Amino acid sequence: MTPREIVAELDRYIIGQEKAKRACAIALRNRRRRQQVPPELIDEILPKNILMIGSTGVGKTEIARRLAKLAHSPFVKVEASKFTEVGYVGRDVESMIRDLVEIAINMVKEEQAVMVREKARERAVNRVLDLYHPPLRPAANLSDEDRDRILARHDAHRTNLRDKLIAGELDEEKVKLEVNDAQTPFMTVFNGSGTEEIGFNIKDMLPNLLGGGKTKEKDFPIKEALQRVQQEEEQKLIDMDSVTKVALERVENSGIVFLDEIDKIAAGGRQAGGPDVSRQGVQRDLLPIIEGCTVNTKYGMVKTDHILFIAAGAFHVAKVSDLLPELQGRLPIQVDLESLTEDDFFRILVEPKNSLIKQNTALMKTEDVTLEFTEEANREISRIAFAANETQENIGARRLHAVMEKVLEDLFFDASEMGGHTVVIDLTYVQEHYGDQSTSDMKKYIL
Ligand SMILES: Nc1ncnc2c1ncn2[C@@H]1O[C@H](COP(=O)(O)OP(=O)(O)OP(=O)(O)O)[C@@H](O)[C@H]1O
């Protein structure tokens, strides 16, 4: 996609923040451009990583996440303040690459699962049918004629059952499945790096010790049995070697890491606590990863050269210049995100493809309740959210979620008994349902 197309696509979800959207679109395109230049030049061209500066809830993560979705990129969001310098107890910075790989593995596995789903479903139907009505083994002393006749009848019956099974008519019938009887003990292994991987490996190595080898039979309704067996068959059909290969390639060539709260590891960023030296240590550890190095993961080595890093922070206390100059250099594209206005709130409420209004309307539809918001109601919700941010903590557009939840609380409670009705959320509805003195007389609003 060209930067223009990327921005147009981002516009469908994110209101305003034009500069940030442009910067991200350019960075994404430049990564591709850099991958295509002659190899001897690649090292000369610094990757164009981004630093987004803006308060909480103004769309920083949303832009990065949407960008990743557009590019089908593995995406991970990590908080820089959670890291500790190598050699100290806690998460080391390389773990973000391991997390990214894990995400990519799941992503590719899911894609492959979709491709083998039909085949897995067919196998699951056959297996569950065998359990429900096993194939017949006629007695050996029968004449050929009798055997053929019995088999034909049995087959016809099975075909009939098969159709019923597929049609869901046998969903409530029971079959026995073997299930793993493992009671995996809760175990945490602390060490400086990659805690999660060590826990995992021990489990792999010593399945019997952890009861992983034992199975027992259990009754399941056919509907659930089908799902379980299908999942099992999907796992069998998925080629893990190819999943790993594709996932590693995808991380290296199109991975995106969103490094939030980068300001908290800057010198002068008071919130993080701890001495400035340790925060500087984390910054130093970040340098090689952002610049391009090789990280060892349990799936293999990963080169970080082409991973796109988007760092973000509010920089209310610390300043960008408090970051190590080398780190600033690795984040050459710096963009300020604007604070959102009341009008932005209104647009965020209604315009995006996944806007809160659309989400809640869809939720209500599942109860056969039609929800209609009037423009005045949306204006009022935006006004309340904006005012709350002024008087309380400013949490950006997240405030809209909080206000909306409160406004719709009664409705969410009652909706299950209101099927077939239309509810109009107008100005008075919002005013009456927001705030502690909500006078929840729903009847007035039901059409
Ligand atoms: N400009 C915007 N357009 C549309 N939705 C937005 C915008 N800004 C924020 N939102 C919505 O608000 C919520 C929070 O936004 P987001 O996660 O991007 O915050 P952020 O700026 O990354 O803050 P933080 O650094 O605290 O994570 C999201 O659900 C998002 O949908």
Side-chain angles (χ1 to χ4, degrees), residues 6-25 27 49-70 75-83 96 99 256-266 269 271-272 308-318 320 323 331 333-363 373 378 381-382 384-386 388-390 392-408:
I6 296 171
V7 169
E9 200 54 36
L10 290 176
D11 280 344
R12 297 169 62 185
Y13 295 94
I14 295 130
I15 302 300
Q17 312 302 12
E18 309 306 335
K19 275 190 285 179
K21 285 189 273 197
R22 257 177 89 94
C24 283
N49 293 307
I50 301 174
L51 177 60
M52 289 193 192
I53 303 159
S55 316
T56 185
V58 295
K60 302 187 293 296
T61 314
E62 194 67 18
I63 294 176
R65 209 187 285 282
R66 286 289 156 200
L67 190 73
K69 269 231 170 92
L70 275 183
F75 173 85
V76 71
K77 174 180 178 174
V78 289
E79 280 163 26
S81 53
K82 294 273 157 68
F83 293 125
M96 65 186 171
D99 288 350
I256 298 180
V257 173
F258 186 79
L259 254 174
D260 209 2
E261 302 195 336
I262 191 98
D263 49 338
K264 300 215 175 134
I265 57 163
Q271 295 99 320
L308 177 63
F309 291 87
I310 303 179
F315 290 96
H316 289 319
V317 182
V320 176
L323 289 171
L331 303 166
I333 306 177
Q334 300 188 358
V335 277
D336 290 310
L337 278 91
E338 290 121 46
S339 300
L340 299 169
T341 63
E342 193 180 313
D343 195 48
D344 289 334
F345 275 9
F346 175 76
R347 293 184 57 202
I348 289 174
L349 211 48
V350 291
E351 283 181 28
K353 243 185 107 192
N354 59 336
S355 78
L356 274 184
I357 300 285
K358 289 172 194 152
Q359 289 176 25
N360 286 307
T361 310
L363 280 179
F373 289 83
N378 294 335
I381 292 171
S382 317
I384 293 171
F386 190 80
N389 273 351
E390 302 262 281
Q392 306 161 34
E393 192 191 354
N394 186 353
I395 54 170
R398 286 203 184 87
R399 185 70 70 186
L400 285 172
H401 293 251
V403 175
M404 186 66 103
E405 279 314 308
K406 207 155 185 192
V407 169
L408 296 184

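Below, each value reflects all heavy atoms present in this structure, side chains not excepted, and no hydrogens, waters or symmetry copies. Computed from a prediction, not measured in an experiment: that's the story for all the values here. Nothing fancy with the numbering, it's 1 onward along the sequence. As the structure lists them, so they are numbered: ligands from 1, and atoms in each ligand from 1.
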Subject >> Proximity to ligand 1 by part of L337, non-hydrogen separation under 4.0 Å >> reply: neither

Subject >> I348, portion touching ligand 1 at heavy-atom distance under 4.0 Å >> reply: side chain

Original post:
So does E393 have more than 12 non-hydrogen atoms from other groups sitting under 6.0 Å from CD?
Top reply: no

Original post:
In ligand 1, which numbered atoms sit nearer than 4.0 Å to a non-hydrogen atom of T61?
Top reply: 17 (O), 18 (O), 20 (P), 22 (O), 27 (O)

Subject >> For atom 10 (N) of ligand 1, the protein heavy atom that lies nearest, with its residue and separation >> reply: A397 CB, 3.5 Å

Subject >> Numbered atoms and elements of ligand 1 in range of T56, under 4.0 angstrom, heavy atoms >> reply: 23 (O), 24 (P), 26 (O)

Subject >> Any side-chain heavy-atom pair of F315 and L323 under 4.5 Å >> reply: yes

**OP:** Kindly confirm or rule out an N or O of G59 lying under 3.5 angstrom from an N or O of ligand 1.
**Re:** yes

Original post:
Is it true that G57 lies under 4.0 Å from ligand 1, counting heavy atoms only?
Top reply: yes

Subject >> Beyond-backbone contact of R65 with K77, side-chain heavy atoms, under 4.5 angstrom >> reply: yes

Original post:
Does a side-chain N-to-carboxylate-O contact under 4.0 Å join R66 and E62?
Top reply: yes

Subject >> Protein contact of atom 1 (N) of ligand 1 - nearest heavy atom, named by residue and atom, plus distance >> reply: I15 O, 2.8 Å

**OP:** Give yes or no for whether the N/O distance cutoff of 3.5 Å, strictly under, is met between Q17 and ligand 1.
**Re:** no

**OP:** May I ask you to identify the nearest protein heavy atom to atom 30 (C) of ligand 1, giving residue, atom name and distance to one decimal place in Å?
**Re:** E62 OE1, 3.6 Å

Subject >> P352, any N or O under 3.5 Å of ligand 1 N or O >> reply: no

**OP:** Please state whether K77 comes within less than 4.0 angstrom of ligand 1, counting heavy atoms only.
**Re:** yes

Original post:
With respect to S382, which candidate in L349, V350, D343 satisfies the side chain to side chain contact (heavy atoms under 4.5 Å, CB included) definition?
Top reply: L349

**OP:** Pick, from R399, E79, K60, R398, the option with the minimum heavy-atom distance to atom 17 (O) of ligand 1.
**Re:** R398

Subject >> Distance from atom 4 (C) of ligand 1 to nearest protein heavy atom, with residue and atom >> reply: Y13 O, 3.4 Å

**OP:** For G59 and L337, work out which heavy atoms get closest and say how close.
**Re:** C-CD2, 4.3 Å

Original post:
Quick one: which ligand 1 atoms are inside 4.0 Å of a heavy atom on D260?
Top reply: 24 (P), 25 (O), 27 (O)

Original post:
Side chain, backbone, both or neither: which part of H401 comes within less than 4.0 Å of ligand 1 when only heavy atoms are counted?
Top reply: side chain

**OP:** Scan I63, L331, V335 and name whichever one has a side chain to side chain contact (heavy atoms under 4.5 Å, CB included) with I50.
**Re:** V335

Original post:
Taking the side chain as C-beta and beyond, is there a heavy-atom pair between L308 and L67 under 4.5 Å?
Top reply: yes

Original post:
Quick one: does E79's side chain get under 4.5 Å of K82's, heavy atoms only?
Top reply: yes

Subject >> Contact atoms of ligand 1, heavy-atom distance to I14 under 4.0 Å >> reply: 1 (N), 2 (C), 3 (N), 4 (C)

**OP:** Would you check if H316 and D263 make a side-chain contact, meaning some heavy-atom pair closer than 4.5 Å?
**Re:** no

Original post:
Taking the non-hydrogen atoms of R347, is any one of them nearer than 4.0 angstrom to ligand 1?
Top reply: no

Original post:
Hey, is NZ on K69 packed in by over 12 heavy atoms from elsewhere, all under 6.0 Å?
Top reply: no

